[in-house]
Protein chains: 2
Amino acid sequence: MSQSVPRRRAPRNSLSAELIVDRALALLDQKGIEAFSMRALAEELGVGTMALYTYFRGKEELFRAARDRVLGTYQPPCTSGSWDEQLRALCLSMYELFTGRPSVLQLLAEGKAEGDFADAASVTMEQVVKLLCGSGLDRQAAARAAGTLIGFTIGSALRQVRECDEEGQMTAKAELLRRRFAALSPERHPALTDLAPELTVAREDGEGQYTFGLGLILCGLRELAGSDCAAPQS
Amino acid sequence: MSQSVPRRRAPRNSLSAELIVDRALALLDQKGIEAFSMRALAEELGVGTMALYTYFRGKEELFRAARDRVLGTYQPPCTSGSWDEQLRALCLSMYELFTGRPSVLQLLAEGKAEGDFADAASVTMEQVVKLLCGSGLDRQAAARAAGTLIGFTIGSALRQVRECDEEGQMTAKAELLRRRFAALSPERHPALTDLAPELTVAREDGEGQYTFGLGLILCGLRELAGSDCAAPQS
DNA sequence: CGCTCTACCGTACGCTGTACGTTAGGGAGA
DNA sequence: TCTCCCTAACGTACAGCGTACGGTAGAGCG
């Protein structure tokens with residue numbers, strides 16, 4: 001009955017590391033990181049599960065390869081203008097990279113793909129650091145600003161991705177959010193319930209949310225670079 | 001030989017939802033979210049695995065309960081001072097809550113504990129929103145600022161947690177980071193290699209990193225509230 | 001004493017990642 | 001052309017996961 005046909009043996013060189021990573025990324029973006037499994041990927045490729053292990057030591061190594069593929073392929077935009085405008089463009093581009101590749105973002109954020117980055121993956125970081133160093137900030141502030149920007153970008157993208165796992169799910173999640181706000185007792189949380197509509201729409205517009213926060217950070221950086229503003233403590 | 005003794009049946013009412021959550025949190029904080037399993041938790045409690053299912057529908061419900069326990073127990077600090085100083089204190093306190101309970105943070109960030117929050121869990125958010133509303137920002141800006149602050153806080157805490165999973169591992173990770181920087185080709189990444197020392201120390205001091213970024217955001221918010229600064233685009 | 005109710009438990013199923021040993025097909029040498 | 005070998009692809013197996021389902025025992029009550 002359900003006796004699955006034993007699957008014809010795949011031709012000798014039908015596989016390659018690149019092809020595996022291709023399909024893996026497709027599967028990840030399509031079904032999500034939870035649904036990904038070596039068996040599923042192998043089936044997708046029309047191949048036995050263990051065939052994958054000829055090219056990758058294990059799942060984590062495959063994940064690293066997928067991460068490096070995406071980060072290595074990515075090219076930061078050519079920017080011009082003042083350093084803060086360029087930073088804004090760079091960061092926004094990173095944000096879009098991450099939200100466009102939710103599964104890769106999760107690989108990064110959830111530590112499924114630890115380990116050294118490929119050299120090419122650091123191009124954007126290089127740009128960011130260069131701009132910060134040329135902005136008038138001292139070295140320590142520049143380093144911390146870089147950390148702030150990348151942390152904020154990843155954090156925001158992660159939030160955005162969590163909000164709408166699948167494409168069409170956004171409205172469903174928004175509905176859930178609305179109910180969550182509605183469930184709050186207005187006496188205990190007056191400000192929260194009062195601002196609920198705005199909070200909901202803000203949450204729905206992830207990119208607007210991100211650019212808003214990015215604007216705040218850049219504003220702070222300008223102040224700091226001009227050094228006519230009290231430096232944030234320590 | 002390895003015939004494990006079948007474990008004496010546990011006395012009739014030796015279990016409770018609270019006790020289970022207690023041990024679950026202990027296990028999570030101790031061994032990490034990866035090592036957690038229903039079987040391990042049950043063994044820790046000296047109880048059969050399926051006993052847990054009399055109190056929780058499944059693992060996710062247990063995670064939700066653990067999350068609500070931590071978030072519900074937490075009390076935001078009593079603050080005083082200007083709205084931005086209070087916001088700083090509140091956010092810093094949240095940051096410390098999260099970094100002090102890495103596993104709960106991961107539950108939140110990785111979506112292992114989706115679903116409605118307990119009412120008590122929203123106290124901090126209520127405070128944040130209240131302060132923002134009283135700061136002079138318009139409603140939409142206040143809503144977005146709230147999102148920015150919470151996103152940045154969670155993102156930063158997540159970064160910090162990733163950096164040192166176990167207590168003593170920080171130095172090891174720092175070493176790894178150092179090697180990662182050393183592996184970069186100085187020609188392709190001049191700014192990055194130049195700033196490597198500062199980037200490394202910044203990364204090691206997660207809290208300093210966080211307060212720096214928080215300062216930037218608050219600076220931006222002050223500008224925006226005083227409305228003598230161009231509002232960040234859209 | 002006996003009955004019922006339910007907290008606790010054992011077993012089993014389908015899933016996961018992957019260690020290990022096997023097989024078969026293409027290329028090289030005789 | 002025949003043969004041999006190397007290795008890409010594979011099947012099996014194992015430990016561990018979450019949990020559905022049915023059984024069991026012990027406490028409380030009539």
Side-chain angles (χ1 to χ4, degrees), chain A residues 1-21 23-24 27-28 31-66 103 106-107 110-115, chain B residues 1-21 23-24 27-28 31-66 103 106-107 110-115:
Chain A
M1 317 301 280
S2 69
Q3 174 74 8
S4 65
V5 175
R7 231 184 20 76
R8 302 215 59 71
R9 182 176 270 262
R12 181 80 175 174
N13 277 330
S14 58
L15 233 47
S16 72
E18 266 127 278
L19 200 137
I20 292 176
V21 170
R23 290 290 232 202
L27 199 59
L28 279 170
K31 311 256 181 174
I33 205 173
E34 297 301 315
F36 179 94
S37 78
M38 296 302 261
R39 281 176 168 84
L41 175 58
E43 185 153 5
E44 196 78 10
L45 286 159
V47 136
T49 307
M50 295 313 289
L52 305 176
Y53 286 81
T54 349
Y55 297 89
F56 299 96
R57 203 178 290 275
K59 195 164 86 143
E60 186 160 339
E61 188 171 303
L62 201 163
F63 278 168
R64 264 195 299 270
S103 46
Q106 279 176 272
L107 291 185
E110 298 182 11
K112 310 276 192 192
E114 306 268 13
Chain B
M1 301 292 108
S2 68
Q3 174 74 9
S4 65
V5 175
R7 235 190 9 82
R8 303 215 59 69
R9 195 181 189 83
R12 183 77 175 175
N13 277 331
S14 58
L15 231 46
S16 73
E18 266 126 281
L19 201 138
I20 293 176
V21 170
R23 290 289 231 203
L27 198 60
L28 278 171
K31 311 255 181 175
I33 204 173
E34 296 301 314
F36 179 93
S37 78
M38 297 301 262
R39 282 175 166 87
L41 175 57
E43 184 153 6
E44 194 81 9
L45 286 159
V47 135
T49 307
M50 295 314 289
L52 305 175
Y53 286 80
T54 17
Y55 296 89
F56 298 96
R57 204 178 290 274
K59 196 164 87 144
E60 186 160 339
E61 189 171 303
L62 201 164
F63 278 167
R64 263 196 298 270
S103 47
Q106 279 176 273
L107 291 185
E110 299 183 11
K112 310 276 191 193
E114 305 268 14

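In the text below, chain A, chain B and the rest are named by the order of the sequence lines, each starting its count at 1.
For A/Thr49 and D/dC10, the shortest distance from a side-chain N or O to OP1 or OP2 is not below 4.0 Å. Residue A/Tyr55 has a polar side-chain atom (N or O) positioned under 4.0 Å from OP1 or OP2 of D/dA9.
The two residues B/Ala51 and B/Leu15 come nearest to each other via the heavy atoms CB-CD2, 3.8 Å. Scanning both residues, B/Val47 and B/Ala10, for their nearest heavy atoms gives CG2-CB, 4.0 Å.
By the 4.5 Å heavy-atom criterion applied to side chains, A/Phe36 and A/Lys59 are counted as neighbours. Contact check for B/Glu110 versus A/Gln106: no side-chain heavy atoms found under the 4.5 Å cut-off. Contact of the A/Leu107 side chain with the A/Leu28 side chain is registered, since non-hydrogen atoms from C-beta on lie closer than 4.5 Å.
Closest to the side chain of B/Tyr53, from the set C/dG17, D/dG23, D/dG18, is D/dG18. Taking only side-chain atoms of B/Met50, from C-beta outward, the nucleotide of D/dA9, C/dT11, D/dG23 with the closest atom is C/dT11. With distances taken from any side-chain atom of B/Arg39 to the nucleotides D/dG18, D/dA9, C/dC8, the minimum falls on D/dG18.
C/dT18 atom P lies 12 Å from atom CZ of A/Arg57, rounded to whole Å. Atom CG of B/Leu41 and atom C1' of C/dC8 are 15 Å apart (whole Å). Note: CG (A/Leu45) to P (D/dA9) measures 11 Å, nearest angstrom. Rounded to whole angstrom, the span from the CZ atom of A/Phe56 across to the P atom of D/dA9 amounts to 12 Å. Protein atom CG of B/Asn13 is 11 Å distant from nucleotide atom C1' of D/dG28, rounded to whole Å. When rounded to the nearest whole Å, the span between CD1 of B/Ile33 and C1' of D/dC17 equals 15 Å. A/Ile20 places its CD1 atom 11 Å from the C1' atom of D/dA9, with the value rounded to the nearest Å. Between the CD atom of B/Glu34 and the P atom of D/dC17 there is a distance of 12 Å, given to the nearest Å.
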**Q.** Residues B/Leu52, B/Leu45; criterion side chain to side chain contact (heavy atoms under 4.5 Å, CB included); working and verdict
**A.** CA-CA 10 Å; B/Leu52 305 175; B/Leu45 286 159; 3.8 Å; yes
Before you tell me yes or no, could you show the steps for B/Leu62 and B/Leu41 under side chain to side chain contact (heavy atoms under 4.5 Å, CB included), namely the whole-Å CA-CA distance, both residues' side-chain angles and the distance that decides it to 0.1 Å? CA-CA 11 Å; B/Leu62 201 164; B/Leu41 175 57; 3.8 Å; yes
**Prompt:** When you look at A/Tyr53 and A/Met38, which way does the side chain to side chain contact (heavy atoms under 4.5 Å, CB included) test go after all the steps?
**Reply:** CA-CA 9 Å; A/Tyr53 286 81; A/Met38 296 302 261; 3.7 Å; yes
With 3.5 Å as the limit, what N/O pairs link the protein to nucleotides 2-6 of chain C?
| residue | atom | partner | partner atom | Å |
| --- | --- | --- | --- | --- |
| C/dT6 | O2 | B/Arg12 | NH1 | 3.2 |
| C/dT6 | O2 | B/Arg12 | NH2 | 2.8 |

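In the helix from C/dC1-D/dG30 to C/dA30-D/dT1, the terminal helix axes, each the rotation mapping four pairs' C1' atoms onto the next four within five end pairs, subtend 20°, rounded to 10°.
More than 12 heavy-atom neighbours from other residues, nucleotides or ligands sit within 6.0 angstrom of CD on A/Glu61.
Applying the 3.5 Å distance criterion, the base of C/dC9 shares no donor-acceptor pair with the side chain of B/Arg9.
Between A/Pro11 and B/Ser37, the residue anchored nearer the 5' end of DNA chain D, judged by the nucleotide with its closest heavy atom, is A/Pro11. Looking at which nucleotide of DNA chain D each of B/Ala40 and A/Ser14 is closest to, the 5′-most match is held by A/Ser14.
Taking 4.0 Å as the cut-off between side-chain N and carboxylate O, A/Arg39 and A/Glu43 do not count as a salt-bridged pair.
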